[in-house]
Trainee: 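This structure is in structure tokens; I'll ask about it shortly.
In what follows, chains are A, B, ... by sequence order, proteins preceding strands, each numbered from 1.
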Amino acid sequence: MTDKPGKTDAVPRDRSTAMVKAEGVHKSFGPLEVLKGIDLEVRSGEVFCLIGPSGSGKSTFLRCINHLEKINAGRLYVDGELVGYRQQGDKLYELRDREVALKRRDIGMVFQRFNLFPHMTALENVIEAPVQVKKQNKAEARERARQLLDRVGLADKADSYPSQLSGGQQQRVAIARALAMDPKLMLFDEPTSALDPELVGDVLDVMRDLAESGMTMVVVTHEMGFAREVGDSLVFMDGGVVVESGHPREVLTNPQHERTQSFLSKVL
Amino acid sequence: MTSDIDRTAGPKGSPSAGPEAIKAIPVRHYGRYVTAVIAIAILVAIIYAFGQGKINWHAVPDYFFDHRILTGVYKTLLLTVLSMLIGIVGGIILAVMRLSKNPVTSSIAWFYIWFFRGTPVLVQLFLWFNLGLVFEYVNLGPIYKNYWSDFMTPLLTALLGLGLNEAAYMAEICRAGLLAVDEGQSEAAHALGMSYGRTLRRIVIPQAMRVIVPPTGNEVINMLKTTSLVAAVQYPELFRYAQDIGQNSGAPVEMYFLAAAWYLIMTSVLSVGQYYIERYYARGSSRALPPTPWQKVRAHLTTFSSRKVTA
């Protein structure tokens with residue numbers, strides 16, 4: 001499973017380093033504790049799948065990684081740096097909005113509901129952040145955006161508005177939009193859950209292609225087939241804790257924990 | 001509608017492959033003819049009554065393009081545009097302040113809206129006009145120093161009075177617009193590394209405009225009419241000039257009709273402008289663009305004629 005074609009030579013990354021590291025991450029919304037101490041490690045270059053029943057906290061954890069949600073306890077690191085805080089001595093300082101924004105540039109995110117900007121064409125969606133945030137030259141950004149749209153199979157849809165695209169096409173534009181910032185980490189929050197079944201395949205193909213190019217990906221998904229084929233690690237979460245983790249093929253075919261077994265018996 | 005059905009009907013006699021196109025006699029709306037006749041009768045009666053009255057109608061065309069009236073029209077429009085600019089910019093700033101996480105700014109915005117929405121605009125105009133009783137001088141150190149009464153010209157009084165009052169109303173309209181934009185939009189922008197301000201400017205406000213524009217059109221038209229109040233602070237505009245001419249020419253009531261006609265013309269032109277602004281901000285929307293006034297007129301003409309043909 002580890003010898004994926006092209007994966008090792010495309011991006012020569014040291015896979016022993018942790019891209020994301022969580023130590024006892026807690027998160028509550030008011031009295032509701034959603035994450036009750038998450039410990040896990042996403043290595044550089046791997047495809048890390050998060051599965052679990054709805055309400056298990058997997059999406060919340062994903063949103064904590066780029067600080068869309070603030071964690072209440074524990075430590076969360078991306079590429080060795082603390083998320084949302086700066087540590088000096090034994091004191092933690094909250095980062096300013098500007099500093100948080102700076103770190104988010106390196107983390108791409110794809111949402112369940114796409115969240116494309118409806119008042120911009122596909123191409124404008126893709127160039128928005130490079131031009132506005134990274135101050136890239138507009139012509140260059142456009143050139144690169146066309147390449148990215150071509151990569152996700154939508155070269156001919158550059159001038160379409162999101163409302164003129166199918167769900168699968170919108171999600172692929174959203175992936176291109178995230179890639180335009182050249183992220184070192186991509187977060188996928190149930191990217192195919194809002195799609196018609198026949199459109200899921202196109203999006204998964206793009207994600208598979210991305211995995212083969214060596215991108216570090218954290219994927220919250222209900223697509224067990226994708227997790228088994230493409231994933232390098234898999235974590236089953238339930239009730240705000242990690243119940244079981246390991247290689248996708250092992251966890252999915254031979255789950256050790258009772259809760260994992262009952263969940264998988266329902267979805268497989 | 002009916003013409004579409006006729007057009008899609010296949011050529012006569014030729015056996016078509018699919019099911020035969022529907023050819024039905026459309027529902028007759030006799031009520032429409034009756035109401036149209038009644039409405040026209042009432043309109044004619046009203047026009048006749050006004051024509052009979054003791055009003056010297058010739059005075060209206062005589063003064064319609066009088067240079068004083070035209071100056072008044074220009075000043076009314078100028079005042080409307082400038083006060084609305086102050087209102088819209090101020091409204092957006094206040095709305096953003098209201099929605100900010102910062103308790104100080106949101107309280108300030110709340111207080112501003114509370115005061116300016118809670119007092120009559122005419123009272124506010126007089127307040128600005130008489131603020132010289134509180135502040136004798138305007139003193140900006142070496143840059144500018146003057147008596148308040150010289151500084152506060154009638155135009156400035158009118159602009160501040162109307163514009164700052166308008167900002168309070170626009171703030172609520174803008175807040176509604178900002179709240180109407182899906183939260184996922186700012187999340188997506190933040191995830192791309194866009195700052196709070198840039199997200200607002202590039203992503204949220206352009207989408208909020210779809211909600212903001214229609215009530216703002218209302219506000220513009222309201223503002224155009226409210227400008228007639230500023231005669232009270234010595235700034236002459238259309239209504240004031242019309243009154244003056246009326247008193248000098250011995251046709252005071254006629255001049256009110258003249259002013260009303262000009263206000264109607266101006267509000268009509270402004271409503272047309274609103275259509276085009278709405279169309280601009282509707283880009284990317286899944287719903288069809290609202291038709292332009294010209295397209296509407298054409299559509300009505302064609303349906304009317306087609307109804308006649310089939311009737």
Trainee: Taking all heavy atoms of F117(A) and all of A188(B), pick out the closest pair and write down the distance.
Mentor: CE2-CB, 4.1 Å

Trainee: Counting only heavy atoms closer than 4.5 Å, note whether L116(A) contacts chain B via side chain, backbone, both or neither.
Mentor: backbone

Trainee: Can you say whether P162(A) sits under 4.5 Å from chain B via the side chain, the backbone, both, or neither, judging by heavy atoms?
Mentor: neither

Trainee: In terms of heavy-atom proximity below 4.5 Å to chain B, should Q164(A) be classed as side chain, backbone, both, or neither?
Mentor: neither

Trainee: So with a 6.0 Å cut-off around CZ of F29(A), is the heavy-atom count from everything else above 12?
Mentor: yes

Trainee: Counting only heavy atoms not in E198(A), do more than 12 sit closer than 6.0 Å to its CD atom?
Mentor: yes

Trainee: Go through R105(A), K103(A), H119(A), M109(A) and name the one with the most non-hydrogen pairs under 4.5 angstrom from chain B.
Mentor: H119(A)

Trainee: Please name the residue in the list D97(A), L68(A), V100(A) that meets the side chain to side chain contact (heavy atoms under 4.5 Å, CB included) test with H190(B).
Mentor: L68(A)

Trainee: Is the NZ atom of K138(A) crowded by more than 12 outside heavy atoms at less than 6.0 Å?
Mentor: no

Trainee: Is it true that, when you exclude K134(A) itself, more than 12 heavy atoms of the residues, nucleotides or ligands shown sit nearer than 6.0 Å to its NZ?
Mentor: yes

Trainee: About how many Å separate CD of Q207(B) and CE of M120(A), when rounded to the nearest 0.5 Å?
Mentor: 8.0 Å

Trainee: Measuring heavy-atom distances to chain A, does R202(B) have an atom under 4.5 Å in its side chain, in its backbone, in both, or in neither?
Mentor: both

Trainee: Take atom NZ of K21(A) as the centre, draw a 6.0 Å sphere, and report whether it contains more than 12 heavy atoms from other residues, nucleotides or ligands.
Mentor: no

Trainee: Do N115(A) side-chain atoms and G184(B) backbone N/O form a donor-acceptor pair below 3.5 Å?
Mentor: yes

Trainee: Which one wins on heavy-atom pair count under 4.5 Å against chain A: S195(B), A189(B), G197(B)?
Mentor: A189(B)

Trainee: Measure across L192(B) and V133(A) and return the closest heavy-atom pair with its distance rounded to 0.1 Å.
Mentor: O-CG2, 4.3 Å

Trainee: How many angstroms lie between atom CZ of R63(A) and atom CD of E187(B), to the nearest 0.5 angstrom?
Mentor: 4.0 Å

Trainee: What residue, out of R177(A), R113(A), H67(A), R98(A), has the most heavy-atom pairs lying under 4.5 Å from chain B?
Mentor: R177(A)

